[in-house]
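Below is one structure, written out as structure tokens; the observations come after it.
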4 protein chains.
Amino acid sequence: MGHALGTLEELPLAYRAALARNSLAPLWPMMRNVLPHGAPQPVSRQNLWRFETLRPLLLEAGDLTPVEKAERRVLVLTDPGRGEGAMQATSVIYVGMQLLKPGETAPAHRHTPSAARIIVEGEGAYTVVDGEKCPMHRGDLVLTPGGAWHDHGHSGTEPVIWLDALDLPLFVYLEGSYAEEAPLQAPRNRPDASEAEYLSAGLVPSRRPDRAPVSRYPMLRYPWSRTEAALRSLGALAAPGEAVELDYVNPETGESCLPTLGFTAMLLRPGEKATPPLRSSSAVFHVISGTGTSTVNGERFAWGPADTFSAPVFSTLTHEADGTEPAFLIRIHDRPLQERLGYFEERVRP
Amino acid sequence: MGHALGTLEELPLAYRAALARNSLAPLWPMMRNVLPHGAPQPVSRQNLWRFETLRPLLLEAGDLTPVEKAERRVLVLTDPGRGEGAMQATSVIYVGMQLLKPGETAPAHRHTPSAARIIVEGEGAYTVVDGEKCPMHRGDLVLTPGGAWHDHGHSGTEPVIWLDALDLPLFVYLEGSYAEEAPLQAPRNRPDASEAEYLSAGLVPSRRPDRAPVSRYPMLRYPWSRTEAALRSLGALAAPGEAVELDYVNPETGESCLPTLGFTAMLLRPGEKATPPLRSSSAVFHVISGTGTSTVNGERFAWGPADTFSAPVFSTLTHEADGTEPAFLIRIHDRPLQERLGYFEERVRP
Amino acid sequence: MGHALGTLEELPLAYRAALARNSLAPLWPMMRNVLPHGAPQPVSRQNLWRFETLRPLLLEAGDLTPVEKAERRVLVLTDPGRGEGAMQATSVIYVGMQLLKPGETAPAHRHTPSAARIIVEGEGAYTVVDGEKCPMHRGDLVLTPGGAWHDHGHSGTEPVIWLDALDLPLFVYLEGSYAEEAPLQAPRNRPDASEAEYLSAGLVPSRRPDRAPVSRYPMLRYPWSRTEAALRSLGALAAPGEAVELDYVNPETGESCLPTLGFTAMLLRPGEKATPPLRSSSAVFHVISGTGTSTVNGERFAWGPADTFSAPVFSTLTHEADGTEPAFLIRIHDRPLQERLGYFEERVRP
Amino acid sequence: MGHALGTLEELPLAYRAALARNSLAPLWPMMRNVLPHGAPQPVSRQNLWRFETLRPLLLEAGDLTPVEKAERRVLVLTDPGRGEGAMQATSVIYVGMQLLKPGETAPAHRHTPSAARIIVEGEGAYTVVDGEKCPMHRGDLVLTPGGAWHDHGHSGTEPVIWLDALDLPLFVYLEGSYAEEAPLQAPRNRPDASEAEYLSAGLVPSRRPDRAPVSRYPMLRYPWSRTEAALRSLGALAAPGEAVELDYVNPETGESCLPTLGFTAMLLRPGEKATPPLRSSSAVFHVISGTGTSTVNGERFAWGPADTFSAPVFSTLTHEADGTEPAFLIRIHDRPLQERLGYFEERVRP
């Protein structure tokens, strides 16, 4: 096993030319590249994006480019393993930081990739998704699923920054990524579903056959205040060493809130080092509050509020909160995609 | 259509005797009975059970029969359409009122039918379900699904009364009803899942492949305080005439909290008459708080807290709260069973 | 456990009268009846209906009652455990034998219960189901699901007899049984789906989003010739003692062909005694061909072609084919219903 | 809409350098590339691989490289839109042509991508999948799903050629592709499931709770003889212009036979031009028998037996069989993947 296979160079030049001319290629010289032994060999590399570095560059973008010439004024977090300008943080996960200044709007569009935002800084912005107006408070998760019309506005007084997470790289890979545009939406004048239909676990609006069916995405906003409270309740009861983690799901089905991307809220207890298993999914961690340290494949990242770091597939990870207060993070990952493919794997740490 | 079919009497006596001797029977004389035209002809009849009448009879049962000789000291609400002693309120729904006195226990058992309780009066009782200890506060819904070990205890100082709802008649009909007994369980010493794992809509504990799978019934208690708050939020936004109703569901799947019985919490706004559609499901309504009036098939029921009333399949219904405060009811019904059979029907009121 | 509970007679007469007056009943005197220990106590009793006995009685019905006065000229196989005239063979399963004479028709109707037929004798009859005309050959299984319009006709020259199996008792129990009538249907003029769309395992018509969705019941006829061939192939490879059984399923979903009733084709190899496990489902066995002997709860039934016998829930069973040829039976059962309820149980034979 | 956005060049060099230094990139200059208006802009380009060209090159590979130095002696059909050596025919679909000479074996391995083979030429080869030995006859489809051990052998006398289709590019993209190796398997000595358990539509082996659960892939071989017969039956009844197509599905669930790749058998009637809708899925067509012409995005491909051609996403297509006999093709596509992602789209041809 693992013995040497024939190489491209061993083949006669004329034969190689004949193959190329006919859009053919020998598999065996590439076999170990595309099917390595025992584990994938990711190109992606872990990275830490410190908010104190990123923030001034994003504000500078606001000065350099009017929103009309940007549509979405976003700095993309690019995977250092792929080199300059890569529109992705890992294979499947795109993460950008978006700036919206008071009074600005981002025009309505919809696209095949799905997106979610996590609000990082500033009050007063909102997203309208298929006519539902979602306020955006620090830490809130707001969905704009594939195919849903969405635009943004800002009626506050300070710049607002949020994180965008998309499965854009997957749709680009599938040759399925495209967008359509439309005028700003007139929002319906009532609170979003998280404030009306979906408050408490285990309760959903009763359906009538003569009414519209439940939306595929009935809950578009997940208020952070509720997530933090739920994590604290769970954390108070968890055994030492037990992960304190909640997945964001569709309250009508229990499925991941988006088809391909998963969002997991994490509480790290001070004085306890978390050592999660190796996972076939890649991840991007965003810090909501607290400070701490993570190691990713041996690289040490000291993080604080609004920092973001990535971990490729099968990364060796540790997390530890500093000080005396718990730290709160949201993990963005592609486990739902992998589970839909019947492919998701966890391995005990070596 | 609907023309006269041959009767049993038209057949020769010798022929009828030969059929009976061979365990045979002609269909046609019975055809209109078992397959009536256009709508079922239910035997069940609506009824109101007033708590002020029932309560003293239940307390008297406590004096007449020690709990050891009753196991469960329960008065069953019997369908008047079926005559004395019927162990059911409608075809599928059994409802009983159970009394537990301070210090008493109800021994552990499990059975094929599924049960849920709604707490009516008194503090200090608890149910242990497969080792999970659930406190029982007024209005709480507590599940003891088919196959789950459960026992009850009471560490308070006053008698406790709760309502039991079961699909017992269905299992008796299926010739599938039986029970097993066991000693009292030693409860695990932590709050039940509604206080730890399942608080907020759209958030569930993150799973690890190396951990135990999620229980088929991950949430066994639905605290009334949360249900009432959610109904009030929904009611504040509902359009006039819109039903303000929440279904109790499994937070991991969105399915009905029990396989055959459904539980729907209702808020009735004062000054508004609700006129739900005719439904193929039968129902039992239990009043948590408030007063009002319902008509069922033309019969008028004036109800108040802790009262209970029934409605057979395809009943014509109206509901109206009195006074200035909303009324809260829980509707117990067999719609989940009918939906599993691909049979559930709503009709516009004639 | 299992100790004596209080009886009804131990309660004061005045108290019992007060309960009855208020549609209440004590649970505990009935507790062991509705929740027996360890296993259900079925009322149903096994029975054998010999075709040679039944056939002349059915033909006599044809003479006594014109089809216009019968709509469906059927002799119902009645459970001897329930006494004369019971419209059921077990709790859930209704089985009747229907006679259609040349040139007769059975008018179109539809009803909430689901039905299937197994053709017993005679050629030339057909069933039209929602416009699809299904021929009826010996041993064929033809579905008329709940809600589907169906009528029968007969263009042959000899009387035709078929077996009807319905979940009628369940719908009567649910107070959900009713029918509607209509004129005879004009059948679409092409072979039924078993001859066109659904021939081979693992192949289904490719769908287009712009076309009608797949019917809930895409395959209405299961030709016996294919079932027998498939059983013979499976049987040739089965280990000694292994059950050679095929379930009839929806080829688009793999689910049982009807929501509540299951149909299982069985091959019994000569010289081998089958001893299936105890099952919580009840069953009716119909012999397509071959002769043999079964014991049901100790009672011995010697059967031949077109005979039918029943087995209540948790029956102890053996089956054995006579002679040198395999015997073929179809088992009608309510396992799909029980699986939908999360309740189906098999026990090793004691 | 579609107005000009700011370009990278408009940004100050120092700013661009600061972004690059911090693994950041502006979105807006790339916005139209990753989210084009109205439709994707595929890189993939259609191509025809003629078997008469490919076959001698594949046989030459057999002379140039012993199977031991190739493991799998395969020529990959490379997308001309991606340039020399691309290990894919479209984004998601890998197709290779594999040669196995008499007496050769391909060692056992398993990998995360899923594969299927279509036998093109030669008799006597077989694939062993998780111990099940599948013969390989011309046109047969044989599955080796992700995670399943498989090896190949050849006991015939002439070289065998088959087509391999894999979702390898998807797994490479996901950074999830890897393989493990093992010794050759000892096959179980009985016919594969297509010859025993799964013959006829709508019939599946009856399950017992005490037995092993059904495999995720219960049917590993789909014999071409059955597929062709089923297509002919369907085709005899189809309306003019109606597509005569069968999808290969799991007979226990009706789901696509592999999680991401779909296989659709097509019959083209002579004298009839098929004009399928535009689809968001990409496709590779392989000709089993017959001759004809297809146009893909205006490019004309005249094809015959064993030829293969590709069509990127949203291709404009026509197909037409020559002569008087129907042509049979198998279409390999990624529609199941797209449906799992909630993303699959068909558009009426412009």
Name the region of [X], side chain, backbone, both or neither, that has any atom closer than 4.5 Å to a heavy atom of chain B.
| X | result |
| --- | --- |
| C:S280 | neither |
| C:P40 | both |
| C:L168 | side chain |

_Among residues at least two apart in sequence or on other chains, which ones pass side-chain hydrogen bond (donor to acceptor under 3.5 Å, both in side chains) with B:R55?_
B:E121
*Mind checking side-chain hydrogen bond (donor to acceptor under 3.5 Å, both in side chains) for B:S114 and listing every partner two or more places apart, or none if nothing turns up?*
none
Less than 4.5 Å apart, side chain to side chain, heavy atoms only: is that true for [X] and [Y]?
| X | Y | answer |
| --- | --- | --- |
| B:N22 | C:L54 | no |
| B:W28 | C:E71 | no |
| C:L174 | B:L337 | yes |
| C:Q41 | B:E175 | no |

Please round to the nearest 0.5 Å and tell me the distance separating atom [atom1] of [X] and atom [atom2] of [Y].
| X | Y | atom1 | atom2 | result |
| --- | --- | --- | --- | --- |
| B:L35 | C:H111 | CG | NE2 | 5.5 Å |
| C:F171 | B:S91 | CZ | OG | 12.5 Å |
| C:E68 | B:L5 | CD | CG | 11.0 Å |
| B:L27 | C:R73 | CG | CZ | 12.0 Å |
| B:L170 | C:L170 | CG | CG | 7.5 Å |
| B:M31 | C:M87 | CE | CE | 11.0 Å |

*Cationic tip of C:R347 within the cone over B:Y178's six-membered ring, i.e. under 6.0 Å and within 45° of the normal?*
yes
Work out which heavy atom in [X] is nearest to a heavy atom in [Y]; give both atom names and the distance.
| X | Y | answer |
| --- | --- | --- |
| C:P80 | B:S23 | CB-OG, 3.9 Å |
| B:S177 | C:P36 | O-CD, 3.3 Å |
| B:L57 | C:Y15 | O-OH, 2.6 Å |

Measuring heavy-atom distances to chain C, does [X] have an atom under 4.5 Å in its side chain, in its backbone, in both, or in neither?
| X | result |
| --- | --- |
| B:L75 | both |
| B:E10 | side chain |
| B:V172 | side chain |
| B:P145 | neither |
| B:R82 | side chain |

With respect to chain C, which residue among [options] yields the maximal number of heavy-atom pairs within a distance under 4.5 Å?
| options | value |
| --- | --- |
| B:S281, B:A39, B:P113, B:P259 | B:A39 |
| B:T53, B:D334, B:L64 | B:L64 |
| B:E180, B:R216, B:Q338 | B:R216 |
| B:P169, B:A86, B:P312 | B:P169 |
| B:D167, B:L19, B:L11, B:T260 | B:L19 |
| B:A18, B:G38, B:P66, B:G83 | B:G38 |

*Examine distances only and state if a side-chain atom of B:T78 and a backbone atom of C:A25 form a donor-acceptor pair shorter than 3.5 Å.*
no
_Contact residues of residues 43-50 of chain C (partner chain B; heavy-atom separation under 4.5 angstrom)_ = C:V43, C:S44, C:N47, C:W49
*Are C:E60 and B:R16 close enough for a salt bridge, meaning some N to O gap below 4.0 Å?*
no
*Output all residues satisfying side-chain contact (heavy atoms from CB on, under 4.5 Å) with B:T253, sequence neighbours left out; order by chain, then residue number.*
B:N250, B:E255
*Relative to chain B, which of C:G96, C:G146, C:A61 shows the most heavy atom pairs under 4.5 Å?*
C:A61
*Parallel, tilted or perpendicular for B:Y173 and C:Y173, by the 30°/60° rule?*
parallel
*Neighbour count >12 (heavy atoms, 6.0 Å) for atom CD, C:E84*: no
